[in-house]
Participant: 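Can you read through this structure? Questions will come right after.
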There are 2 protein chains.
Amino acid sequence: MASDGVRMTSQRRLLLALIEGARRPLDVRALLELGRRQGLALDKATVYRTIALLKEHGLVDELDLLHQKGAGHYYEPIPDKQELHLVCLGCGRVVEMACPHFEQVKKEVRRRQGFQVTTARMELGGYCRRCRR
Amino acid sequence: MASDGVRMTSQRRLLLALIEGARRPLDVRALLELGRRQGLALDKATVYRTIALLKEHGLVDELDLLHQKGAGHYYEPIPDKQELHLVCLGCGRVVEMACPHFEQVKKEVRRRQGFQVTTARMELGGYCRRCRR
DNA sequence: GTATTTGCAAAAGCTTTGCTGCAAC
DNA sequence: GTTGCAGCAAAGCTTTTGCAAATAC
């Protein structure tokens, strides 16, 4: 996986490991901080360049989580099955969940529009159990 | 609709009309240009402030169309039925389509996570009929 | 007359780019 | 040695903010 035609350096390995090891999608700020905590001095240009590379090679997914917490993006490993991202507009927590019916949706998009889906970003805003009244 | 507790001024009316009248989601740049063409000198600060207001009041939806064409956002009226946005990674065209199974997905999210969906952003990237080989 | 909105300019994110030196092969 | 990578600083975009003037009620 870490070698789908991408030449891996220590920085790239670290960044991919951080993204894959995280419990939640990470933004560039978080990646920089975590990297420094591991003793590796990362530059933001390197982080952006690495993310672009990993995206191109299908190793990470980009989200914006409805911009609940600002204008930036968040990165996570590509999951086995397409996921929904549930962003709680109350507390800001993000929950992930396998997307039911995704395969059927994809099929219908193909059938009705002749459109072949290769990537999907599905973010739902609302209120989690705790934040509902 | 234009008065769900939002005080409407001529600028707000124009912006809402532009968004509602457009065939495709518009970004801030396009709104500024269209507004000026209508003879109304708009400032970008006003556009951003108005969009924020319209979003809060549930009058417009925000998309990023997978950032195919840059870093900005796109705005469209809230549709009657939840839509999918199909972004062609070949030619950049955006097609909208009613989201099949959306109601079931919402129900399952509610059942499995206790999460109540109020807004959704669903953007699929891929290749349209023309761009497929 | 008071409250809200607008325009302008400046500032604040986030992301990209040019370039130089460094590391890998 | 050649090729590609990393660091640094600067620039580019999008978006937000402060404040004074204009507008709405």
Side-chain angles (χ1 to χ4, degrees), chain A residues 2-19 25-36 38-57 59-76 92 121, chain B residues 2-19 25-36 38-57 59-76 92 121:
Chain A
S3 55
D4 283 9
V6 190
R7 190 214 286 237
M8 294 305 277
T9 63
S10 59
Q11 317 243 2
R12 291 179 185 172
R13 252 187 292 277
L14 172 65
L15 284 167
L16 187 54
L18 287 175
I19 292 173
L26 300 173
D27 62 5
V28 169
R29 192 198 179 88
L31 285 168
L32 282 168
E33 201 167 301
L34 289 172
R36 291 206 177 104
Q38 306 269 331
L40 233 153
L42 289 164
D43 187 79
K44 64 182 183 311
T46 305
V47 174
Y48 281 109
R49 284 191 275 234
T50 302
I51 286 169
L53 193 78
L54 297 176
K55 270 198 293 181
E56 274 169 34
H57 287 267
L59 294 171
V60 306
D61 248 358
E62 182 183 73
L63 307 167
D64 63 21
L65 301 182
L66 304 177
H67 293 306
Q68 267 296 103
K69 296 172 192 165
H73 291 102
Y74 298 83
Y75 303 92
E76 63 169 19
R121 187 187 293 189
Chain B
S3 56
D4 283 8
V6 190
R7 190 215 285 242
M8 292 307 276
T9 63
S10 59
Q11 317 242 3
R12 289 178 186 170
R13 252 186 293 275
L14 172 65
L15 284 167
L16 187 53
L18 288 175
I19 292 172
L26 301 173
D27 62 5
V28 169
R29 190 197 179 90
L31 286 168
L32 282 169
E33 202 168 301
L34 290 172
R36 291 205 178 105
Q38 305 270 330
L40 234 154
L42 289 164
D43 187 80
K44 63 183 183 312
T46 305
V47 174
Y48 280 110
R49 284 190 278 233
T50 302
I51 285 169
L53 194 77
L54 297 175
K55 271 197 293 180
E56 275 169 35
H57 288 267
L59 295 171
V60 306
D61 249 357
E62 183 183 71
L63 307 168
D64 62 22
L65 302 181
L66 303 177
H67 291 307
Q68 266 298 102
K69 295 173 193 165
H73 291 101
Y74 298 82
Y75 303 92
E76 66 170 17
R121 188 187 293 188

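Everything numeric in this text was worked out from a predicted model, so none of it was measured. Within every chain, numbering begins at 1; the chains are lettered A, B, ... in the order of the sequence lines, protein sequences first and strands thereafter.
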Participant: With a 4.0 Å cut-off on heavy atoms, is Ala52(A) in touch with a base, just the backbone sugar-phosphate, or nothing at all?
Facilitator: nothing
Participant: Mind checking side-chain contact (heavy atoms from CB on, under 4.5 Å) for Thr50(B) and listing every partner two or more places apart, or none if nothing turns up?
Facilitator: Arg12(B), Leu15(B), Thr46(B), Leu54(B)
Participant: Nearest 0.5 Å please: distance from the CG atom of Leu14(B) over to the CE atom of Met8(B).
Facilitator: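 Here the rounded value is 9.5 Å.
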Participant: Name all pairs fulfilling the salt bridge (Lys or Arg N to Asp or Glu O under 4.0 Å) condition that reach into residues 60-73 of chain A, sequence neighbours left out, sorted by first residue then second.
Facilitator: Lys55(A)-Glu62(A), Glu62(A)-Arg121(A), Asp64(A)-Arg121(A), Asp64(A)-Arg121(B)
Participant: By nearest atom, which of the nucleotides dC5(D), dA10(D), dC25(D) is closest to the Thr9(A) side chain?
Facilitator: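 Among dC5(D), dA10(D), dC25(D), the one nearest the side chain of Thr9(A) is dC5(D).
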Participant: If I compare all heavy atoms of Pro25(B) with all of Leu63(B), which pair ends up nearest, and what's the gap?
Facilitator: CG-CD1, 3.8 Å
Participant: Would you tell me if any nitrogen or oxygen in the side chain of Tyr48(B) comes within less than 4.0 Å of OP1 or OP2 on dT16(D)?
Facilitator: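 So the side-chain polar atoms of Tyr48(B) never come under 4.0 Å of the phosphate oxygens OP1 or OP2 of dT16(D).
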Participant: Show, in sequence, the C-alpha distance, side-chain angles and deciding distance for Val6(A) and Leu59(A), and conclude whether the side-chain contact (heavy atoms from CB on, under 4.5 Å) test is met.
Facilitator: CA-CA 10 Å; Val6(A) 190; Leu59(A) 294 171; 4.1 Å; yes
Participant: Using the heavy-atom set of chain A and a strict 4.0 Å cut-off, write down the first and last nucleotide of DNA chain C that makes it in, 5' to 3'.
Facilitator: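 Listing 5' to 3', DNA chain C meets chain A from dC14(C) to dC25(C).
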Participant: Could you tell me the separation between the NZ atom of Lys44(B) and the P atom of dT14(D), rounded to a whole number of Å?
Facilitator: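 Result: 11 Å.
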Participant: Mind checking the CG-OH spacing from Leu32(B) to Tyr48(B)? Nearest 0.5 Å is all I need.
Facilitator: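 So the gap between those two atoms works out to 8.0 Å.
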Participant: Test of understanding: with side-chain contact (heavy atoms from CB on, under 4.5 Å), list the residues that count as partners of Leu34(A), not counting sequence neighbours.
Facilitator: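 For Leu34(A) the side-chain contact (heavy atoms from CB on, under 4.5 Å) partners, ignoring immediate neighbours, are Leu18(A), Leu26(A), Arg37(A).
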Participant: Rounded to the nearest 0.5 Å, what separates atom CZ in Arg13(B) from atom CG in Leu40(B)?
Facilitator: 11.0 Å
Participant: Starting at CZ of Arg49(A) and ending at P of dG7(D), how long is that distance when rounded to a whole Å?
Facilitator: 9 Å
Participant: With sequence neighbours excluded, tell me which residues meet side-chain contact (heavy atoms from CB on, under 4.5 Å) with Ala45(B).
Facilitator: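 Scan of Ala45(B) (side-chain contact (heavy atoms from CB on, under 4.5 Å), adjacent residues dropped) gives Asp43(B), Arg49(B).
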Participant: Residues of residues 61-72 of chain B with any non-hydrogen atom less than 4.0 angstrom from an atom of DNA chain C: list those, numerically ordered, please.
Facilitator: none
Participant: Let me know the distance between CG of Asp43(A) and P of dA10(D), rounded to the nearest Å.
Facilitator: 13 Å
Participant: How sharply is the helix from dG1(C)-dC25(D) to dC25(C)-dG1(D) bent, taking the axes over five pairs at either end and rounding to 10 degrees?
Facilitator: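 Angle reported: 30°, given to the nearest ten degrees.
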Participant: Let me know the distance between CZ of Arg7(A) and P of dT3(D), rounded to the nearest Å.
Facilitator: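 Atom-to-atom, Arg7(A) to dT3(D), this comes out as 12 Å.
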Participant: What integer distance in Å separates Arg13(B):CZ from dT23(D):C1'?
Facilitator: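 In whole Å, dT23(D) C1' lies 13 Å from Arg13(B) CZ.
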Participant: Are there over 12 heavy-atom neighbours, none belonging to Arg29(B), within less than 6.0 Å of that residue's CZ?
Facilitator: no
Participant: Report the C-alpha separation of Ile51(A) and Val28(A) in whole Å, then their side-chain angles, then the decisive distance to 0.1 Å, and conclude whether the side-chain contact (heavy atoms from CB on, under 4.5 Å) test is met.
Facilitator: CA-CA 9 Å; Ile51(A) 286 169; Val28(A) 169; 4.0 Å; yes
Participant: Is any side-chain nitrogen or oxygen of Gln11(B) closer than 4.0 Å to OP1 or OP2 of dT23(D)?
Facilitator: no
Participant: Name every residue in residues 26-34 of chain A that has at least one heavy atom under 4.0 Å from any atom of DNA chain D, in order of residue number, or write none if there are no such residues.
Facilitator: none
Participant: Run the side-chain contact (heavy atoms from CB on, under 4.5 Å) test against Glu56(B) and tell me which residues pass, sequence neighbours left out.
Facilitator: none
Participant: Figure out the CG/P separation between Leu40(A) and dC5(D), and round it to whole Å.
Facilitator: 17 Å
